[in-house]
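Let me begin by presenting the structure, written as structure tokens, before commenting on it.
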Amino acid sequence: MKAYFYISQPLVPVDSASLERLVASAEVKNAAYGITGFLCFKDVFIQYFEGEAKEVDALFATIKADARHKILNCLVFDNIDCRQFPNWRMKLISRDVLNHDRVEPFLFNQLARAKDRTSHLDKWRKQVWLAVQYIAAQSAHEVAFVETEK
């Protein structure tokens, strides 16, 4: 199995309706291809997805080619042992929830550092993976990830 974790900058306006449509579409497609993960958005997209290598590579190629955003940085995790988010076809996580435990700023900063300091990429990859595992552990307690009312 393989996973991608990236941040990207939208190049078109993103409102709650378009974000909901994006997530709904991703959930359907991901279910068909056995892909799981999460998406977080506020000013930038932060996304993690996992699955069989062929499927996630194809998905990332599609994401990368999408003219509605620009990939700022990406980490790839090859040969992961098991899914971190087996029940999330594409869970929309409120950035406020991630900020509550200071996870979102940490992830954003680690990805930025990984881009700037490629000689220490393994260190940043390990730290980001620990954050992904933390989110997965919290996801076991769905109460922590109840989305805020709109």
Side-chain angles (χ1 to χ4, degrees), residues 1-99 103-118 121-140 142 145 147-148 150:
M1 292 191 48
K2 187 173 187 176
Y4 282 84
F5 192 92
Y6 74 90
I7 58 173
S8 70
Q9 180 69 49
L11 301 176
V12 298
V14 178
D15 59 17
S16 60
S18 63
L19 188 59
E20 288 174 16
R21 284 191 303 273
L22 176 70
V23 171
S25 174
E27 287 175 334
V28 171
K29 290 177 184 176
N30 290 355
Y33 294 103
I35 294 173
T36 56
F38 68 83
L39 176 68
C40 178
F41 176 77
K42 186 173 181 183
D43 303 322
V44 296
F45 290 102
I46 298 174
Q47 184 173 19
Y48 169 91
F49 59 93
E50 60 197 8
E52 295 302 322
K54 181 179 175 183
E55 282 77 14
V56 295
D57 287 342
L59 176 58
F60 188 70
T62 300
I63 289 170
K64 192 173 177 183
D66 191 328
R68 295 174 294 180
H69 71 129
K70 175 184 174 186
I71 302 289
L72 300 177
N73 201 2
C74 178
L75 290 177
V76 180
F77 299 98
D78 292 307
N79 302 317
I80 61 173
D81 295 331
C82 63
R83 291 180 188 273
Q84 297 297 307
F85 305 96
N87 300 318
W88 290 2
R89 292 298 173 199
M90 188 48 55
K91 176 78 167 180
L92 180 61
I93 299 177
S94 165
R95 194 162 168 185
D96 294 334
V97 169
L98 293 185
N99 279 334
V103 174
E104 186 274 332
F106 171 80
L107 287 171
F108 186 87
N109 290 335
Q110 292 304 320
L111 282 170
R113 287 180 181 168
K115 184 174 184 176
D116 296 337
R117 301 176 185 176
T118 54
L121 186 57
D122 285 338
K123 176 184 175 184
W124 308 127
R125 184 185 317 274
K126 287 176 186 174
Q127 291 180 340
V128 168
W129 188 250
L130 289 173
V132 167
Q133 289 179 320
Y134 174 79
I135 294 168
Q138 297 303 309
S139 74
E142 283 287 331
F145 284 94
E147 293 179 44
T148 56
K150 294 182 170 98

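At least one donor-acceptor pair under 3.5 Å links the side chain of S18 to the backbone N or O of D15. Here the side chain of H69 pairs no donor or acceptor atom with the backbone of V44 at under 3.5 angstrom. A donor-acceptor pair is defined here as one N or O able to donate and one able to accept, closer than 3.5 Å; no such pair exists between the side chain of E55 and the backbone of G34. In this structure a side-chain-to-backbone donor-acceptor pair under 3.5 Å is present from E50 to F85.
In this structure, F38 and W88 have perpendicular ring planes: the angle between them is above 60°, well past the 30° mark. Taking the six-membered ring where tryptophan is involved, the planes of Y6 and F49 are perpendicular, since the angle between them exceeds 60° and thus also 30°.
Side chains of Q47 and M90 form a contact here, defined as non-hydrogen atoms less than 4.5 Å apart. Counting heavy atoms from C-beta outward, M1 and E52 have side chains that approach closer than 4.5 Å.
Rounded to the nearest 0.5 Å, atoms CZ (F41) and CD1 (I93) are 15.0 Å apart. The structure places CZ of F5 at 6.0 Å from CD1 of I46, a figure rounded to the nearest 0.5 Å. With rounding to the nearest 0.5 angstrom, the NZ atom of K64 is 13.5 Å from the CG atom of L59. Once rounded to the nearest 0.5 Å, the distance linking NZ of K2 with NZ of K54 reads 13.5 Å.
Among all heavy-atom pairs drawn from P10 and D43, the shortest one is CD-O, 3.2 Å. The nearest pair of heavy atoms linking I71 to S8 is CA-CB, 3.8 Å. A pairwise comparison of heavy atoms in R89 and N30 identifies O-ND2, 2.7 Å as the closest pair. When all heavy atoms of V132 and Q84 are compared, the pair lying nearest together is CG1-CG, 4.0 Å.
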Stepwise side-chain contact (heavy atoms from CB on, under 4.5 Å) test for L39 and L19:
CA-CA 10 Å; L39 176 68; L19 188 59; 4.1 Å; yes
Under the criterion side-chain contact (heavy atoms from CB on, under 4.5 Å), I'd like the reasoning laid out for F45 against L22: C-alpha separation, chi angles, the key distance, then a yes or no.
CA-CA 12 Å; F45 290 102; L22 176 70; 4.1 Å; yes
